[in-house]
Amino acid sequence: LKIGSDAQIVGKLNYSSPVEQQSAILAAPQAGVAFTPAPVTTTPTTITAPRTTQALVLTWIWERLRQLISLLVLGALALWLIPKWFDRAADNAWHEPLASTGWGFVVTVVGYILAVLAFILLIIVTVGLGRLTLAGLATSVFFSGLAGLSTTFTLFTLLLAYGSKLVVVYPIGHWLMTKIAATQAEKRSWALAVGVLRFVLVRSIPYLGFVVGLFVTMIGIGAM
């Protein structure tokens with residue numbers, strides 16, 4: 001509280017405060033000053049303890065395990081359900097990495113642009129049908145189209161996040177197996193496991209891992 005010496009207070013000044021502030025009241029109210037002690041109020045402060053080294057290490061291990069298991073499970077499903085398609089994409093990634101990288105950038109950019117354009121087109125068609133007083137048809141078209149777009153976009157995102165990595169790391173794992181255990185190189189599960197493990201470890205390196213992950217994604221998408 002601060003009241004300057006030029007202030008003019010005709011009545012009485014009543015104030016409440018945890019401490020008396022007479023020294024800050026330079027003016028003289030005509031009816032005097034009344035001070036009422038007020039309880040001290042404090043705002044509770046939440047103190048967040050810094051994360052320990054052990055917690056950071058456990059978090060790092062958990063993130064790597066989650067990525068490793070996800071890639072291994074999806075890779076095993078691909079080898080089981082679509083082996084010919086998977087082998088063809090992996091062969092493209094191994095023998096034509098530069099061309100696959102270029103196609104990967106193109107497909108990724110065009111894919112997202114087409115998704116936005118398709119959604120805009122869906123809105124235009126829905127509004128057009130609505131203006132033609134075909135509200136029931138417009139609603140059906142909108143929700144059916146939205147479901148189709150959502151499914152397609154989800155599959156595209158899964159290919160970006162996981163499929164692109166698998167078709168790149170699998171041939172790398174097979175090549176490594178020929179160097180360290182040639183007798184086991186033809187076992188597809190071992191090649192997949194070695195390739196995925198190597199990728200997860202490299203991907204965990206700060207900065208470098210991001211760059212490697214980006215290029216692996218582009219190569220994989222282009223190869224597919």
Side-chain angles (χ1 to χ4, degrees), residues 1-70 105 108-158 160-162 200-201 203-214 217:
L1 178 65
K2 176 176 283 188
I3 299 179
S5 58
D6 295 334
Q8 297 180 3
I9 301 178
V10 178
K12 184 178 183 180
L13 172 63
N14 296 283
Y15 75 94
S16 60
S17 172
V19 294
E20 188 175 1
Q21 303 192 47
Q22 186 62 42
S23 60
I25 303 174
L26 303 181
Q30 293 183 6
V33 178
F35 161 62
T36 303
V40 179
T41 57
T42 58
T43 302
T45 302
T46 302
I47 300 176
T48 304
R51 301 178 68 184
T52 62
T53 303
Q54 182 181 7
L56 292 174
V57 171
L58 290 176
T59 301
W60 184 88
I61 293 175
W62 169 246
E63 291 295 331
R64 302 290 79 75
L65 281 176
R66 187 171 62 177
Q67 189 178 25
L68 180 68
I69 293 172
S70 299
F105 278 105
T108 301
V109 173
V110 172
Y112 282 106
I113 291 176
L114 287 178
V116 174
L117 292 178
F119 182 75
I120 294 174
L121 179 61
L122 178 62
I123 296 296
I124 293 174
V125 172
T126 302
V127 172
L129 291 175
R131 289 187 176 276
L132 294 174
T133 67
L134 300 173
L137 181 59
T139 302
S140 299
V141 168
F142 176 76
F143 284 107
S144 299
L146 187 62
L149 283 175
S150 299
T151 302
T152 304
F153 187 74
T154 300
L155 291 175
F156 182 68
T157 303
L158 285 174
L160 275 174
Y162 298 103
V200 170
L201 292 177
R203 183 65 179 84
S204 66
I205 301 174
Y207 305 111
L208 175 62
F210 172 79
V211 175
V212 171
L214 178 62
T217 300

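A search for ring pair (Phe, Tyr, Trp, His ring centres under 6.0 Å) contacts involving Tyr162 returns nothing, not counting sequence neighbours. In this structure, Phe105 has no ring pair (Phe, Tyr, Trp, His ring centres under 6.0 Å) partners at least two apart in sequence or on a different chain. The side-chain hydrogen bond (donor to acceptor under 3.5 Å, both in side chains) search around Ser150 returns none, not counting sequence neighbours. Under the side chain to side chain contact (heavy atoms under 4.5 Å, CB included) criterion, Ala7 pairs with Ile3, Ala27, not counting sequence neighbours. Contacts of Ser70 classified as side-chain hydrogen bond (donor to acceptor under 3.5 Å, both in side chains), with partners at least two apart in sequence or in another chain: none. Remark: Leu121 pairs with Val125 by the side chain to side chain contact (heavy atoms under 4.5 Å, CB included) rule, at least two apart or across chains. Partners of Glu20 by salt bridge (charged side-chain N to carboxylate O under 4.0 Å, His left out), not counting sequence neighbours: none found. By the side chain to side chain contact (heavy atoms under 4.5 Å, CB included) test, Ala161 is found to be paired with no residue, residues two or more places apart in sequence or in another chain being considered. Considering only residues two or more places apart in sequence or on other chains, Arg66 meets the salt bridge (charged side-chain N to carboxylate O under 4.0 Å, His left out) condition with Glu63. Contacts of Ile120 classified as side chain to side chain contact (heavy atoms under 4.5 Å, CB included), with partners at least two apart in sequence or in another chain: Val116, Ile124. Listed by chain and residue number, nothing satisfies the ring pair (Phe, Tyr, Trp, His ring centres under 6.0 Å) test with Phe210 (two or more places apart in sequence, or in another chain).
Minimum interatomic distance between Val33 and Gln22 (heavy atoms only, all atoms of both residues): CG1-OE1, 4.3 Å. Closest approach of Ala34 and Lys12 over heavy atoms only: CB-CE, 3.5 Å. Contact between Arg64 and Val200 at its shortest, heavy atoms only, is O-CG1, 3.8 Å. Of all heavy-atom pairs spanning Leu122 and Leu146, the tightest one is CD2-N, 3.5 Å. Of all non-hydrogen atoms in Phe35 and Ser17, the two that sit nearest each other are CE1-O, 3.4 Å. Closest approach of Ala115 and Phe153 over heavy atoms only: CB-CD1, 4.0 Å.
Judged by distance alone, with hydrogens and angles left aside, the side-chain atoms of Tyr15 form a donor-acceptor pair with the main-chain N or O of Gln21 at under 3.5 Å.
Here CG of Leu114 is found 10.5 Å from CG of Leu149. Values are rounded to the nearest 0.5 Å. The structure places CH2 of Trp60 at 9.0 Å from CG of Leu65, a figure rounded to the nearest 0.5 Å.
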Could you list the donor-acceptor pairs under 3.5 angstrom formed by side chains in residues 135-142, with sequence neighbours left out?
residue : atom : partner : partner atom : Å
Thr139  : OG1  : Ala135  : O            : 3.0
Ser140  : OG   : Gly136  : O            : 3.1

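Put simply, the side chain of Thr36 does not reach to within 4.5 Å of the side chain of Asn14, judged on heavy atoms.
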